[in-house]
Amino acid sequence: MTVLDSFALDGRRVLVTGGNRGLGRAFAVALAEAGADVAIAARDEALNARAVDEIAARGRRALAVQADITVRADVTRMVAEVTESFGGIDVLVNNAGIAIHRPALEVPDEEWQQVLDLNLTALWNTSTAVARGMIDAGGGVIVNVGSMSAQIVNRPQWQASYNASKAAVHHLTRSLAAEWAPHNIRVNAIAPGYVKTEMAPVDRPEFRQNWILDAPLQRYATPEEIAPSVVYLASPASSFMTGSVLLIDGGYSVY
Ligand code: NDP
């Protein structure tokens, strides 16, 4: 076995939430290229179908579950459908997330709740639902998508709810890593900096100074640059890693 073999995911059964566009789509494709069967879950059926085609084109089993994972019943159904179709879930990538820019004093209650419901509570509900099956199967891997915003405060725009939700994701990662290590479940997170997706309008001139020029690499990332780190954390290449948060931010947070 060579070192590159330890990154292989042949036969692994993966679920990526929010896998139909942006970062989740890149993760789903990369995991399939590494050998995994990949299920994605999101709300938009047309985008879900496109993601299935992209995964299947890599020669792997592909599945899309239409689900709003802020709804508890959808989480239960999602996990049941993937488990039944694939026979189990070996790797969970908690990727679905939302960011809303607004000064704190202007954030309505329902908007705060919306961000926490998806970024934190849905991740919790999905993790606990999937972990039950992983424990019965003898182990598994969870990769959470956190953010550098868990440890820096973005500017010039304000997004306190997002930042707080991602800080919670990082510490939930450590908490579940400790609790589930005896069950052979590893739990890690990635913390990306600015990545070009629908969530992050990285090309807007008003953000250029603070988002782009303030970072040592002076550019944003593409989703495909972040995906190999998810393959790493999902695979035996990271077998001694749990409870870690992998920062991938072009150096943004060094200053
Ligand atoms: P996008 O907005 O491009 O994608 C979000 C994904 O989440 C879509 O697939 C969307 O599908 C899905 N989603 C949203 N709401 C729900 C829901 N209620 N139930 C199920 N799925 C849902 O965002 P990114 O790809 O940029 O972000 C992905 C993750 O990466 C997030 O957790 C984000 O916080 C994190 N991140 C992003 C950074 C960036 O710069 N882009 C930086 C750091 C972290 P649909 O709408 O069809 O449901």
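For ligands, and for the atoms within them, numbers begin at 1 and follow the listed sequence.
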In the protein, what heavy atom is nearest to [atom], and what distance, to one decimal place, separates them?
atom                    : result
atom 23 (O) of ligand 1 : Met199 CB, 3.5 Å
atom 26 (O) of ligand 1 : Thr197 OG1, 2.5 Å
atom 8 (C) of ligand 1  : Asn20 OD1, 3.4 Å
atom 4 (O) of ligand 1  : Arg21 NH1, 3.3 Å
atom 34 (O) of ligand 1 : Tyr162 OH, 2.6 Å
atom 29 (C) of ligand 1 : Asn95 O, 3.1 Å
atom 43 (C) of ligand 1 : Pro192 O, 3.3 Å

Contacting atoms of ligand 1, where contact means under 4.0 angstrom from a heavy atom of [X]:
X      : value
Asp44  : 47 (O)
Tyr194 : 40 (O)
Ser147 : 43 (C), 44 (C)
Ala96  : 7 (O), 21 (N), 22 (C), 32 (O)
Ala42  : 11 (O), 20 (C), 21 (N), 45 (P), 47 (O), 48 (O)

Using every non-hydrogen atom in the two residues, find where [X] and [Y] come nearest and quote the distance to one decimal.
X      : Y      : value
Val52  : Leu63  : CG2-C, 3.7 Å
Ala122 : Leu118 : CB-O, 3.4 Å
Pro236 : Arg12  : CG-NH2, 3.4 Å
Pro156 : Asn210 : CD-OD1, 3.2 Å
Pro201 : Phe207 : O-CD1, 3.6 Å

Below 3.5 Å, N or O to N or O, backbone or side chain included: is there any such pair between [X] and ligand 1?
X     : value
Thr70 : no
Ile69 : yes
Gly22 : no
Arg43 : yes
Asp68 : yes

[X] touching ligand 1 at heavy-atom level, < 4.0 angstrom:
X      : value
Gly146 : yes
Gly193 : yes
Thr17  : no

I want to confirm something. Looking only at heavy atoms, which of [options] is nearest to [atom]?
atom                    : options                       : result
atom 20 (C) of ligand 1 : Gly18, Ala67, Ala221, Gly19   : Ala67
atom 35 (C) of ligand 1 : Val145, Val115, Ile98, Asn119 : Val145
atom 37 (C) of ligand 1 : Val195, Leu23, Val202         : Leu23

Identified side chain to side chain donor-acceptor pair (under 3.5 Å) partner of Asn154 from the options Tyr252, Tyr194, Trp211: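 Passing option: Tyr194.
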Check [X] against ligand 1 and report side chain, backbone, both or neither, counting heavy atoms closer than 4.0 Å.
X      : answer
Ala191 : neither
Tyr220 : neither
Met148 : neither
Leu118 : side chain

Lys/Arg N to Asp/Glu carboxylate O, Asp203 vs Arg208, below 4.0 Å: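 Salt bridge flag = no for Arg208 with Asp203.
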Ion pair Arg13/Asp90, N-O distance below 4.0 Å: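 Looking at Asp90 together with Arg13, the answer is yes, because their closest N to O distance falls below 4.0 Å.
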Is there a donor-acceptor contact under 3.5 Å linking the side chains of [X] and [Y]?
X      : Y      : result
Gln113 : Glu111 : no
Thr197 : Arg21  : no
Asp44  : Asn20  : no
Asn188 : Thr173 : no
Asn119 : Ser165 : yes
Asn48  : Gln66  : no

Thr222 backbone acceptor or donor facing Glu225 side chain under 3.5 Å: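 Yes; at least one donor-acceptor contact below 3.5 Å.
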Separation of Ser235 OG from Asp10 CG (nearest 0.5 Å):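 Nearest 0.5 Å value for the CG-OG distance: 11.0 Å.
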